[in-house]
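Contents: one structure, followed by commentary.
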Amino acid sequence: VADEFTVVPEFVEAAMQQGSEKTVYLRVISAVNKSLSVTAGLEGLANLASISEKSFVLGGGETKSLKVDFFALFLR
């Protein structure tokens, strides 16, 4: 399954100050000529980030852009 698509960039680093936000765009690129059901998640980041789409169908040879918003919350 991992050979069926790639994600660019593969790694994201988000160094931020408390109270700030950062947006990163990920590209999911199909490497096969068939439709793929893709589920995206942000494991361990439930309160620190959100993703624009959690599941979608990626057609053969298609590319999908996902928006990821990171939040540096104030600690009390």
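From a predicted model like this one, the values you see are computed outputs, not experimental measurements.
Nearest heavy-atom pair, G61 versus S30, reported as atom, atom and distance to 0.1 Å: N-OG, 3.3 Å. Considering every non-hydrogen atom in both P9 and L26, the closest pair reads CD-CD2, 3.7 Å. Here the closest heavy-atom approach between residue S35 and residue G59 is recorded as OG-CA, 4.0 Å. Between F71 and M16, the shortest heavy-atom distance links the atoms C-CE, 4.0 Å.
Evaluation of the side chain to side chain donor-acceptor pair (under 3.5 Å) test over residues 37-57, restricted to residues two or more places apart or in two chains, returns E53-K64.
Cluster note: I29 groups with V8 through ILVMFWY side-chain heavy atoms spaced under 4.5 Å, whether in direct contact or through intervening members.
Note that CD1 of I51 is 10.0 Å distant from CG of D69, once rounded to the nearest 0.5 Å.
Y25 and V38 are not part of a single hydrophobic cluster, where members link through side-chain heavy atoms under 4.5 Å apart. Hydrophobic clustering, with ILVMFWY side chains joined whenever heavy atoms are under 4.5 angstrom apart, groups V32 together with F5.
Counting only heavy atoms from C-beta outward, the side chains of V68 and V12 never approach each other to under 4.5 Å. Side-chain contact between K34 and L36 is present, with heavy atoms from C-beta onward closer than 4.5 Å.
Checked by atom type and distance alone, the side chain of K22 never pairs as donor or acceptor with a backbone atom of A72 at under 3.5 Å.
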